[in-house]
Amino acid sequence: GDTKWYPFKMNDASSGDLKIVDYMPVDKSEKPHNICVLFPHMKDSFWVAVAYGIAEQSKVLGVNMTIYEAGGYDNLPKQLSQFDDCIASGSNAIVIGAISTVGVAKQLQAAKAKGIPVIAVTNSFISPDLAAGVFVDLKSMASASANALLAGLKPGEAANVVTFPGPAGSGWAETMNKDFETVAGQNSNVKTLASKFGDTGVAVQLQLVQDALQAYPSMNYIWGTAPTAEAAIGALTEAGRSDVKIISSYENQAMLDALKRGDIRAFTTQYPVIEGRVAIDEAVRILDKKPFLRLVQPIPGVIDKASMDKMDMSTVLAPASWSPVYTVKQ
Amino acid sequence: MTMPAPSRLSDRVHVPVHQLILPLAVVVLFAGFAVRDPRVMSAGNLVNILQQSSFLFLFALAQTIVIIARGFDLSLGPTASMVSVGAALAMAGLAGGPYPELVIVAVGLVAGAAFGALVGAFNGAIVGYARVTPFVVTLGSFNIATGIATTLSGGHPVQGMPELFFGLFNTGSILGLPAPVVVAILLGLLVHYLLRRTVLGRGLYLVGTNMRAAEVAGLRVRLILTSAYVLSSVLTAFGALLLTARTGSGEPTLGGTLSLQSAAAAIVGGASFAGGSGGVGTALVGSIFIIVLSNGMNIVQISGYVQMIILGVIVVAGVVVDRLRAQ
Amino acid sequence: MSEALVNTPRLDPEGAREPILVLRGITKRFQGVTALRQVDFDLRAGEVHVLFGENGAGKSTLINIIAGTFAPDEGAHHLSGSEMRQLTPKRARLEGISAVFQEFSLAPNLNVLENIFLGREIRRGGILDRPAMRRRACDLITDLGFDIDPDRAVGTLSRAHQQMVEIAKALLAEPRILILDEPTASLTEREAARLFDLVAALKRRGVGIIYVSHRMREIKALADRITVLRDGQHVRTLDASGVSEADLIELMTGRKIDGLFPSISHKPSAVAVELRGFCAAGGLVREVDLVARRGEITGIAGLVGCGKSELVRAIYGLEPIEGGEIRISDELQQTPSARRGLQQGIIYFPANRATEGLALPRPVRENVSMTSLDIASIARWGLLDMRGERSLVRNAVERMKLRPPGLERPASKLSGGNRQKVMLARGLMRELSIFLFDEPTVGIDVGAKREVYDFIGQLLEQGAAVILVSSELPEVLALSNRLYVMHHGRIVRELQGEEKTEQNVLAAFFSQQRAHDGEAA
Amino acid sequence: MCVADPRFFGLPNITNILRNASALAIVACGQALVLIVGGFDLSVGATVALASEIAAVTMRWAAGIFPGQDVLVIALGVVAALGTGLLIGLVNGICVTVFRVSGFIVTLGSMSVTLGIALIITNGIPVYGLPQSFITEFGRARWLGVPGAAYVAIAVVLLLAFVQRRTLLGRYFYAIGGNVEAAVVSGVPTKRYQTVAYMISGLLASVTGLLLTALVGSGQASFGGDLMMLQSIAAAVIGGVSLHGGVGRVGMVALSALFLSVLSNSLNLLRVDSRIQPIFLGLILICAVSLDEIGRRRTVRE
Ligand SMILES: Nc1ncnc2c1ncn2[C@@H]1O[C@H](COP(=O)(O)OP(=O)(O)OP(=O)(O)O)[C@@H](O)[C@H]1O
Ligand SMILES: Nc1ncnc2c1ncn2[C@@H]1O[C@H](COP(=O)(O)OP(=O)(O)OP(=O)(O)O)[C@@H](O)[C@H]1O
Ligand SMILES: [Mg+2]
Ligand SMILES: [Mg+2]
């Protein structure tokens, strides 16, 4: 827990304009506060990375922490119930990775009325009732990966992209997809052939990729979620389409491994571990009435073969040996 | 929840002892959690449990109605999503205009109920007239409703509903009971009356028990089946409206896992897929059982995946004990 | 009768006198109900031992205990001298006990062949030997003289044909003890006669036979000994010779009943139902001309499968009509339906209570009021008047002498005869003038039968028109004023007054049968 | 749809369809057997997931102990996965027959438990480190242009079709589903056979778990979504299996799995918008089954 990750360069977006700051956590919490953490799920290494940051920072700062996961993005009612249960069990602060950015708005008001600060982590959401937010700007995430695509483009090379943004109706998939298309579309050589929405399981994405290979023979770029990339690697090998390049819109363990093997071009990261750490730090700052930032945003990084070795991966993913803990007790 | 027990309303039929097992299990479970952590019994948490139960209760009741008619509604979840988006769009669309909030909310309610009725009529007509297995019909409309919900909303939550809507259906309270609980009680009483005191309700049980005999006895079987699905989907729509008021937005994925959850609550409570049994009471007991269980586990801080294991075991165990006594 | 069927070794005369089955002090309880209380029973090789008693007396329960389906709560059970503990159906079958169950042991989704061999499949090398099974089954069916297609799904067969399958199934193995629980309940003379021949042959072979029936004629013809049960208790076991019908009935009911059939006075008046060139049910009913008048019972008799059921079902709108005219009270009907029929005062009581008549798990009250949910004293604007319903239903079941009379008991917890009364009580709920009965007394005891006949008699006095379809010949002969005989979908005879005799009916059955066979050849 | 798009008949596409259909058909056949005995198996999806993970974890572990001995490693993984499926089926079967609780509730419970275990074992992170030959020679292998999975599916379907028609097991499954009481009084050990049906279903779900693991190259908990469970029931019911038991043939179930796969593949190939696709899917499904039903009724009339 005592890896020295700070100071960490982040955007302070509290005022509306972005300001780069060196984020510094507090040393210790004044009291062992009870912090309730709500996750959409813990079914992939991405959320495990956030959990890792949260658990580690809770230990370092000396607070009590419990994580509840809702079992998936299609379980909004369950997250709402968990939110209520958090309030009922007397938490001092709530850190939430919201399933629906606006779906928990009403819950937020209830928490605010009870004086419980709510900190949004990882999943972006803007609300006056939020005490603080630690999440990446999805637009910058999408444009980072679009830029990675553009950067890799040889002069005059045409890119025919099929995007696999994630589940329809999730909001984030739609947002990222739109921004990716906008940014990538600035280059007239880049064409988006289609967007294939689907759940972020490897099996589902595999079928989508396989069908897209048939439906769009001219496709030479795949941009999509981490499970898409994972599925696409096998599908491309099998179809003998080594010319198709893969860029992942976010990070997980499989992406790191695939990058090491050279199976994908790049993936973008929002440093989920740092998001988790900062979220806990912000919660403690608020509870201890210390100065805090209303909205901190990690600056998305593009990780490719070149940048991989220079980076501290423990800011991106949990160590392979770490097994998730759901509660930290003092 | 303070629903009158069915025994008091229905015709002097005394409740057999074995029907009290599951409610007893709920109490024991609750007491067990309360011993582990007194916060389970705090006033805040009791209201919380009531509120959470009232949503699941409405969906379980909707599912129970078709289960009584020997059917099954797989499309319940997506219907909830579709209603949420549809009603939110209707209200948000009018919100900027010159209409008073009350009118907008009324339009939203009517739109939501109409969306529900539409799905129900579609399901019911095909089940009743073409006699296709309910599972397949509602699997079809599961997909259709999912598609409509995401297409209408463009995948984003729909915002901009009038405050009155939230006030009436979420934050408001009567006699200390939160609005969703009040709505659930009212609808529960209404459905109880409908099932026990109307020709339609009687028909549902008879058709579900023995469709052939019902036909021979001159009951309008097709009409009854269609009405069952319409009624069920309208009830789902009300559940969805309450949830929409709770989330503050029309959510295209609101209903995700509700189809299965509602069926679980209905069956745990004592309805049977063989048809002809179940009612308001079983839906109530089933949903409270599940909510108390998951609320308790959350509060005593059992981690997510362990919760899944415990939930699975206790649900089966609860039903085993309940049914063993019945034999 | 073929000897191939009955290849049980002949018992030595010595053994014949020893009981092969002895039950002592058998008690069986179902939640709250004691179905059997300290019952003793024994069966000797080569005898027909009749079990006799009212509906619900415990006959089927006793049989289920012998066949290993139910475990007794108390009592001892000896088979060929050795005590049976924890008898399972499988074990009982291995011991040579075969049963024709009252509630058939058939899987509706399987075909006749598969059902006959259920639990006794012939295998070769772990694989079903279908040709061998087919051969055995066809031989058996031919031997029994049953007219059933081995490849038909049992669920599509009429109750009568299912009964035949059930009998064939029980006779497949060589039984040591054969149990027949109302085997003729849906059969007509022809099939029943074949069965009796078979019973006689098995008897000669030393098979012990337990026979349950509510048909007095059969009991007199077959029985060696008779055991009478009443309310789950053993009343008496007596030799069949020298016991009179009236004595038996008195033993069974504990009271005197004057004769099986009431005297019914027919006063035919206006025509209620009239059929002209009526064709229906996919050719099962062909060019039928029929008239039924108010104030009389119009009987319809015929062999199994002749279409007599289909005829009345078509009148009630349950079978597709393919031609001809149908008039109800002089009004031409286009497409009859159950609902419209009821509103016009027609009611139909199906032959199969379980599948078409009752919603068994529902309370008696709901089952009785099922056909009357559209009348004002039960429901108005779709809202039920519970008080009105209860009082009407109570009145109806009281008149039917339902036992027990509780309205809230599920129909499934009643005995066969009482289930029948629940269904018939529907006839007392609303204004009705035309009553279509299909086998109204299937499986019900002598006392209850008499009550059903009295009920029909009362209807007649009120000026109703009654059409009675029955495979029990004495019943239709005694009750009907005019009797139509059907054969292969057509009406072949109309018998009235003096002509209405058993000989004439049988002659009509069989002359037609011969003519038909001749045609076919 | 085939006319509209020549790519539909391209070999790679047919390979894809066959592979997807095979995975579904295998699970659906197991599901069909359970439905035929009058049960319900909601736990198949979770079983696919757990079997996938157990296989991957076992292989990773075995590869450490027996480096280079791929055949042994794979065999251990396969046995572990199949054992997992059988065990889940056994537990389901015992709960259903001994406690006489509906299959729906029992398997709902075991689905929750199984998925919980699957997620705890791996924390939802895919399990890598499978022998390469497992992926190349099994998962992505093709013989005569047809994917390996299709051979497995065909073998399973043929075997089960034989079981259904020619063996006591198949006969008793139908009898139990048609009328349990009749089966009991006819001396059929109904509990044993019901349990066997659940075990076969568990076993086949684990076979699909293995196929998907080999195809994707890692053990995944995400295989266990509701999707596989719903689709398996859908394939069975569309294939003519009655939810009330006693009716259905695995051949038709396999065909309807193929139908479902072709349907979603065609919608993708026709480039129908992802969000509208479900609407088409639902309508086609209902139309197909309604027409089938109406046709069947007409033939019955005639
Ligand atoms: N499975 C059961 N559960 C509860 N009660 C039962 C059950 N089977 C029979 N009974 C009751 O046991 C008693 C005896 O029933 P049984 O079926 O043996 O009568 P029976 O003599 O065969 O009548 P019937 O002539 O109508 O066939 C009846 O009161 C009946 O209601
Ligand atoms: N030989 C046969 N084998 C199998 N099924 C038959 C046979 N003959 C007729 N059926 C079927 O039996 C039914 C008609 O017979 P059913 O027994 O209902 O006629 P019924 O004249 O009313 O006789 P009953 O009233 O004595 O049962 C039809 O469904 C017909 O298809
Ligand atoms: Mg009986
Ligand atoms: Mg008949």
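Per chain, numbering begins at 1; letters A, B, ... match sequence-line order.
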Practice problem: Enumerate by number any residue of residues 240-251 of chain B whose heavy atoms lie under 4.5 Å from heavy atoms of chain A; in the absence of such residues, state 'none'. | Solution: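 Heavy-atom contacts from residues 240-251 of chain B to chain A are B:Leu243, B:Ala245, B:Arg246, B:Thr247, B:Gly248, B:Ser249, B:Glu251.
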Quiz prompt | Distance in Å, B:Leu258 CG paired with A:Leu76 CG, rounded so as to fall on 0.5 Å steps | solution =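 Between B:Leu258 CG and A:Leu76 CG, I get 9.5 Å after rounding to 0.5 Å.
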Self-check item: Interatomic distance, B:Gln307 atom CD to A:Tyr326 atom OH [nearest 0.5 angstrom]
Solution: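 Those atoms lie 10.0 Å apart.
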Under 4.5 Å, counting heavy-atom pairs only, tell me which of [options] racks up the most with chain A.
| options | result |
| --- | --- |
| B:Leu46, B:Thr253, B:Val306 | B:Thr253 |
| B:Thr257, B:Thr150, B:Asn45 | B:Thr257 |
| B:Thr151, B:Ile299, B:Asn48 | B:Asn48 |

Quiz item: Considering heavy atoms only, which positions within residues 78-87 of chain A lie below 4.5 Å of chain B?
Solution: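 Contacts with chain B: A:Leu80, A:Ser81, A:Gln82, A:Asp84, A:Asp85.
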Quiz item: What part of A:Lys329 is in contact with chain B, defined as an atom under 4.5 angstrom from a non-hydrogen atom: side chain, backbone, both or neither?
Solution: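 It is the side chain, since no backbone atom gets that close.
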Practice problem: Would you mind checking which part of A:Phe39 comes under 4.5 Å of any heavy atom in chain B, side chain (CB onward), backbone (N, CA, C, O), both or neither? | Solution: neither
Quiz item: Which atom pair, heavy atoms only, marks the closest approach of B:Ser42 to A:Ala88?
Solution: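 Closest approach of B:Ser42 to A:Ala88: OG-O, 4.1 Å.
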Exercise. Taking all non-hydrogen atoms of both residues into account, name the closest pair between A:Glu69 and B:Tyr305 and its distance.
Key: OE2-CE2, 3.3 Å
Quiz prompt | Residue B:Asn298 versus chain A: region with a heavy atom under 4.5 Å | solution =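 Both backbone and side chain.
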